[in-house]
Protein chains: 2
Amino acid sequence: METITTTTHNPARCLELIPAAEDALYVIASKWTMRILLALRGGDKRFNELQRHLSGISARVLSNELKGLELNGLIARRTLDNGTVLYMHNDYADSLKSVIRELSLWGIQHKQKIRNKEI
Amino acid sequence: METITTTTHNPARCLELIPAAEDALYVIASKWTMRILLALRGGDKRFNELQRHLSGISARVLSNELKGLELNGLIARRTLDNGTVLYMHNDYADSLKSVIRELSLWGIQHKQKIRNKEI
DNA sequence: CGGAATCCCACGAGATACTG
DNA sequence: CAGTATCTCGTGGGATTCCG
């Protein structure tokens, strides 16, 4: 008989969740993912347009990034009749909202905690 | 006058949140972080004990990982009177719970989505 | 314009050995 | 036991060049 403290702790169950969390991290944690999603949320964009928008990213990296995001269904790529290639926001990207929200909340709070402690 | 659709979108505000989310990712996304936190949640452990528990991690990587986690206040390190060094769970680590929860939820759902789509 | 190919370098991480 | 030191190697990313 164990006492229930602040949190119920089930190590085995937690251990199962870790790989899933790591999968998510694999998608989100690459340097440009969130910025690209945000940029496209502001409107469809062409490759070079996107590259200009995200200052600092190389064509190669942007290309790889876009491929990955498309594979994961987070963005859409469409070739128009005139040959123009357009990258566009995909609704599925919105499914990341709560994840990103939690991440940024923790990040903000953590930065403050660190600042208050050390200096 | 714009219509409010599923989500209210404020690019500038989102852009502010990204660095915070990236800060959080920097802490969480390293390969062993979650596993170490989980291991210590199951009880205080010594260095080698921890290394055995996390099969596959090298002493060097574990050492660096522990330093980082301690700096971020996510674990505690205590040297006992007899010289034993003990790494222990810190309550602050629990602040990551909701982040990790969202990550794993998304990871699980995403894996299913990918499986259903492609095969 | 929208990339792919190539080259090159830096850095993270593994393995191993060593030390107080 | 609790790490540190060294060495090595794979991978990611930048810069540049080329192509349809």
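What you see is a predicted model; the values in this text were computed from it and never measured. So you know, we letter chains A, B, ... as the sequences are listed, proteins then strands, and number each from 1.
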What side-chain donor-acceptor pairs closer than 3.5 Å can you find for residues 48-55 of chain B, not counting sequence neighbours?
unit_1	atom_1	unit_2	atom_2	d
Glu49(B)	OE1	Arg46(B)	N	2.9
Glu49(B)	OE1	Arg46(B)	NE	3.4
Gln51(B)	NE2	Ile57(B)	O	3.2

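DNA chain C lies under 4.0 Å from at least one heavy atom of each of the following residues of residues 42-50 of chain A: Arg46(A), Phe47(A), Asn48(A).
Counting to the nearest Å, the P atom of dC1(C) and the CZ atom of Arg77(A) are 16 Å from each other. The CG atom of Leu62(A) sits 9 Å away from the P atom of dG3(C) (whole-angstrom rounding).
Within the 4.0 angstrom heavy-atom criterion, no nucleotide atom of any strand lies near Arg78(B).
Other residues, nucleotides and ligands contribute over 12 non-hydrogen atoms within 6.0 Å of the CG atom of Asn82(A).
Residues meeting the ring-ring contact (aromatic ring centres under 6.0 Å, His included) test with Tyr92(A), sequence neighbours left out: His110(B). By the side chain to side chain contact (heavy atoms under 4.5 Å, CB included) test, Glu65(B) pairs with Ser30(B), Trp32(B), Thr33(B), Ile36(B), Val61(B), sequence neighbours left out.
Of all heavy-atom pairs spanning Ala29(B) and Leu25(A), the tightest one is CA-CD1, 3.9 Å. Here the closest non-hydrogen pair linking Arg41(A) and Cys14(B) is NH1-SG, 4.1 Å.
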Self-check item: Nucleic acid footprint by protein, nucleotides 11-16 of chain C - heavy-atom cut-off 4.0 Å, B for base, S for sugar-phosphate alone
Solution: --BBB-
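Atom CE of Met34(A) and atom CD of Glu22(B) lie 4.5 Å apart (nearest 0.5 Å).
Chain B approaches DNA chain D within less than 4.0 angstrom (heavy atoms of the protein), and the contacting nucleotides run 5' to 3' from dC1(D) to dT6(D).
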Quiz item: Could you go step by step and tell me if Tyr87(B) and Leu66(B) meet the side-chain contact (heavy atoms from CB on, under 4.5 Å) rule?
Solution: CA-CA 8 Å; Tyr87(B) 291 94; Leu66(B) 290 173; 3.6 Å; yes
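Judged by distance alone, with hydrogens and angles left aside, the side-chain atoms of Thr84(A) form no donor-acceptor pair with the main-chain N or O of Leu80(A) at under 3.5 Å.
A salt bridge between Lys67(A) and Glu70(A) is absent, with no side-chain N of the basic residue lying under 4.0 Å from a carboxylate O of the acidic one.
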